[in-house]
Amino acid sequence: MSWERVYQLVTRIPRGRVATYGQLARALRLSGGARAVGYAMAACPGGRGIPWHRVVGANGCLLIAEPHAALQRRLLESEGVPLEAGKVSLERFGWSPARPPAARTRRRPAKRR
DNA sequence: CATCTGACGACCG
DNA sequence: GCGGTCGCCAGAT
């Protein structure tokens, strides 16, 4: 399969939200697992409006190397997705590919802090 | 056609 | 908590 599928899904990630490699991989049933998505993103073509910066590691951390990580961080923050200790709070900004939750901008599901 | 090269994540010691 | 191992795909040279 071509990576097109991955790109399509990534494009579906709403602004202000992020998805993890593993999550995308499972959503697409990629045999290669998260790795496959990683490979796909590495080959991600530019100039197509693919929000590649909305894809983060399983832990919500940025995986790519500098200087791209800095850019990703900047882009995310410009979308309202803050990085805490170098990581995105998947609890708050994680997006489910098949199950987009209602906008919980400030509503806490059961998590209290 | 053979090889190399990357944006992962789960598991184990 | 940290570092090493393993499974994996497609495109470029």
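Numbered from 1 within each chain, the chains take letters A, B, ... in sequence-line order.
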So which heavy atom on P14(A) is nearest to which on R54(A), and how close? O-CD, 3.6 Å

Give a yes or no on whether a donor-acceptor pair under 3.5 Å exists between the nucleobase atoms of dC8(B), that is its base, and the side chain of Y39(A). no

Do L63(A) and L76(A) belong together in a cluster built from hydrophobic side chains that touch within less than 4.5 Å? no

Rounded to whole Å, CD of E4(A) lies from P of dC9(C) at a distance of 19 Å

In whole angstroms, the gap separating C1' of dC8(B) from CG of L28(A) amounts to 15 Å

Confirm from the modelled atom types if R35(A) and dG9(B) form a donor-acceptor pair under 3.5 Å, side chain to base only. no

Starting at atom CH2 of W3(A), determine the distance to atom P of dG11(C), rounded to an integer number of angstrom. 8 Å

What is the distance, rounded to the nearest whole Å, between atom CG of L30(A) and atom C1' of dG7(C)? 14 Å

For atom CZ of R5(A) and atom C1' of dA10(C), their distance in whole Å: 16 Å

Would you sort out whether R12(A) and W95(A) count as a side-chain contact (heavy atoms from CB on, under 4.5 Å), showing the intermediate values? CA-CA 10 Å; R12(A) 285 174 53 165; W95(A) 172 71; 4.0 Å; yes

Would you say S31(A) places a side-chain N or O within less than 4.0 Å of OP1 or OP2 belonging to dC9(C)? yes

May I have the distance from R26(A) (atom CZ) to dG7(C) (atom P), rounded to whole angstrom? 20 Å

Determine whether Y7(A) and I64(A) fall in the same hydrophobic cluster, where Ile, Leu, Val, Met, Phe, Trp and Tyr are linked whenever their side-chain heavy atoms lie under 4.5 Å apart. yes

Between residues 58-85 of chain A and DNA chain B, which residues have a heavy-atom gap below 4.0 Å? A58(A), L63(A), I64(A)

Using whole Å, what does the distance between atom C1' of nucleotide dC8(C) and atom CG of L24(A) come to? 16 Å

Testing R74(A), H53(A), R15(A) one by one against E79(A) for a side-chain hydrogen bond (donor to acceptor under 3.5 Å, both in side chains), which residue passes? H53(A)

When you measure from the side chain of T20(A), which nucleotide among dG9(B), dC8(B), dG6(B) comes out closest? dG9(B)

Just to be sure I understand the rule, does G22(A) reach a base, reach only the sugar-phosphate, or reach nothing, if contact means heavy atoms closer than 4.0 Å? sugar-phosphate

Common cluster, V55(A)/L75(A), ILVMFWY with side-chain heavy-atom separation under 4.5 Å: yes

Parallel under 30°, tilted from 30 to 60°, perpendicular over 60°: which one fits the rings of W52(A) and H68(A)? perpendicular

Roughly how many Å is it from OH in Y21(A) to C1' in dG6(B), rounded to a whole number? 11 Å

